[in-house]
Undergrad: 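Below is a structure I'd like to ask you about.
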Amino acid sequence: MKIYNFEEDLDRPSPSLDEQYMQEALKLAKRAFEEDEIPIGAIVVSNGKIIGKGYNMTERLNDVTAHAEMQAFTAAANFLGGKYLKDCTLYVTVEPCVMCAGASYWTQVSKIVYGARDDKRGYSTVAEKIIHPKTIVQSGVLERECAELMMSFFRNKR
């Protein structure tokens with residue numbers, strides 16, 4: 001016989017859909033962290049389904065372009081069988097760099113949701129117009145958790 005406790009979660013609001021997807025991206029970022037890669041994770045979602053995943057693999061692949069977003073874009077495009085990601089959302093734990101923002105332009109991704117800002121290398125510090133004009137950008141989803149993972153990684157490097 002199962003016993004359910006419905007009172008346990010009453011004080012805690014249920015996470016939004018964006019937070020749930022960002023949690024998935026955070027799992028990938030933690031995997032990167034464990035592999036001594038800069039801990040950024042990304043997923044691409046279409047019609048409520050994750051169709052692409054990625055995390056930074058620049059060290060493992062010896063490839064400066066092997067960012068989480070690039071991995072997720074490639075996986076999603078392969079899943080869809082085409083290069084455009086219209087009606088898709090990119091969830092990424094840290095603000096995309098200029099390269100990844102430029103790639104998002106070419107994929108025509110409909111929405112970008114990111115966690116922590118990147119005040120040093122984020123696209124918004126250099127060229128906000130690099131994002132496709134029809135792309136919606138939302139920032140700050142699980143920002144604290146995303147930022148803490150990055151800070152922890154670099155603290156361990158020092």
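These values consider heavy atoms only, across backbone and side chains, with no hydrogens, waters or symmetry-generated copies.
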Undergrad: Do Val94 and Val137 belong to the same hydrophobic cluster, where Ile, Leu, Val, Met, Phe, Trp and Tyr are linked whenever their side-chain heavy atoms lie under 4.5 Å apart, directly or via other members?
TA: yes

Undergrad: Report yes or no: does Asn56 contribute a side-chain atom to a donor-acceptor pair with the main-chain N or O of Ile38 at less than 3.5 Å?
TA: yes

Undergrad: Can you check side chain to side chain contact (heavy atoms under 4.5 Å, CB included) on Leu149 and Lys30, steps first, answer last?
TA: CA-CA 8 Å; Leu149 187 60; Lys30 289 173 183 174; 3.9 Å; yes

Undergrad: Do Phe154 and Val92 belong to the same hydrophobic cluster, where Ile, Leu, Val, Met, Phe, Trp and Tyr are linked whenever their side-chain heavy atoms lie under 4.5 Å apart, directly or via other members?
TA: yes

Undergrad: Do the side chains of Val126 and Tyr114 join up, straight or via other hydrophobic residues, at under 4.5 Å, putting them in one cluster?
TA: yes

Undergrad: About how many Å separate CZ of Arg60 and OH of Tyr55, when rounded to the nearest 0.5 Å?
TA: 4.0 Å

Undergrad: Kindly determine whether Thr65 and Met99 satisfy side chain to side chain contact (heavy atoms under 4.5 Å, CB included), including the steps that lead there.
TA: CA-CA 8 Å; Thr65 68; Met99 175 185 69; 3.8 Å; yes

Undergrad: Can Leu90 be reached from Leu17 by stepping across I, L, V, M, F, W or Y side chains whose heavy atoms are under 4.5 Å apart?
TA: yes

Undergrad: Which heavy-atom pair separates Cys100 from Met70 by the least distance, and what is that distance?
TA: SG-CG, 3.9 Å

Undergrad: For Gln23 and Leu142, work out which heavy atoms get closest and say how close.
TA: NE2-CD1, 3.5 Å

Undergrad: State, to 0.1 Å, how close Ser110 and Lys86 come at their nearest heavy-atom pair, and which atoms those are.
TA: OG-C, 3.6 Å

Undergrad: Kindly compute the distance separating SG (Cys88) from CD1 (Ile112), expressed to the nearest 0.5 Å.
TA: 12.0 Å

Undergrad: Dump the intermediate steps for side chain to side chain contact (heavy atoms under 4.5 Å, CB included) on Gln108 and Leu85, then the final yes or no.
TA: CA-CA 6 Å; Gln108 298 180 23; Leu85 302 179; over 6 Å; no

Undergrad: Within the supplied structure, the quantity of interest is the number of heavy atoms (other residues, nucleotides, ligands) at a distance under 6.0 Å from Asn156 CG; does it exceed 12?
TA: yes

Undergrad: How far apart are the closest heavy atoms of Ile40 and Ala68, and which atoms are they?
TA: O-CB, 3.4 Å

Undergrad: I'd like to know if Tyr84 and Ile131 are part of one continuous hydrophobic network [Ile/Leu/Val/Met/Phe/Trp/Tyr, side-chain heavy atoms within less than 4.5 Å].
TA: no

Undergrad: Keeping His132 on the side-chain end and Lys134 on the backbone end, is there a donor-acceptor pair under 3.5 Å?
TA: yes

Undergrad: Heavy-atom distance under 4.5 Å between the side chains of Tyr91 and Val45, does that happen here?
TA: yes

